[in-house]
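For reference, the structure is listed below as structure tokens.
Heavy atoms only: backbone and side chains are in, while hydrogens, waters and symmetry mates are out. In each ligand, atom 1 is the first atom listed, and ligand 1 is the first ligand listed.
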Amino acid sequence: MISKKMTKALNEQIVLEGYASFLYLSMASWFDKEGLEGSAQFMRRQSDEERAHMLRIFDYLSEVDAHAIAPAVKQPPKEFDSVQEVFEMVYAHEQKVTQSINKLLTIAKSESDYTTENFLQWYIKEQREEENLMRSILDKIKLIGNGPQSLYYIDKEVEAVNNAELDGASETEDL
Ligand code: FEO
């Protein structure tokens, strides 16, 4: 039986994952407006992934007979100063999500809720991969430079990362 405290904390995580989905969708739209197609596709896919992260918690709460709450929609920012700023925001948000997952795990452990602890392990791995991915993109942006002449090359790099991720995902599906 899942506790009220654990349920509340998981519902708060739903808010965070849902917000990430809308934030990344807003970033995809901004990239699209700026003519950065590769980055737009990348962020659109990240947005879809965040929605899937949110729904995974929804389904888990249902499975353990708790009440999943659909979050209120908070307007994310819609204008950004630069590509580097966008990816710095994404990286910061992912770090915040990681901290939040760690707190959930601390609650699960303190309550000897092994079922939720086991459920959260997937998120631990996912966060490690996502933080690493965003950090590697930021490293590339810093190498290429952030001036107007660099935008084309940054966009191509992000597109290449996106395609590599898509290939990785389809290989996993094939297994
Ligand atoms: Fe679901 Fe990337 O946090």
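Partners of Glu63 according to the side chain to side chain donor-acceptor pair (under 3.5 Å) rule, which considers only residues two or more places apart in sequence or in another chain, do not exist here. In this view, Glu49 and Arg45 satisfy the salt bridge (charged side-chain N to carboxylate O under 4.0 Å, His left out) rule, not counting sequence neighbours. Checked against ring-ring contact (aromatic ring centres under 6.0 Å, His included), Phe22 has no partners two or more places apart in sequence or in another chain.
Of the possible donor and acceptor atoms, one in the side chain of Asn11 sits under 3.5 Å from a partner among the backbone N and O of Ile69.
For atom 1 (Fe) of ligand 1, protein N, O or S atoms closer than 2.8 Å were enumerated as Glu17 OE1, Glu50 OE1, His53 ND1, with waters left out.
Using the six-membered ring where Trp is involved, His53 and Trp122 have ring planes that are perpendicular, over 60° apart on the 30 and 60° scheme. Using a 30° and 60° split on the angle between ring planes, Phe42 and Phe87 fall in the tilted class, from 30° to 60°.
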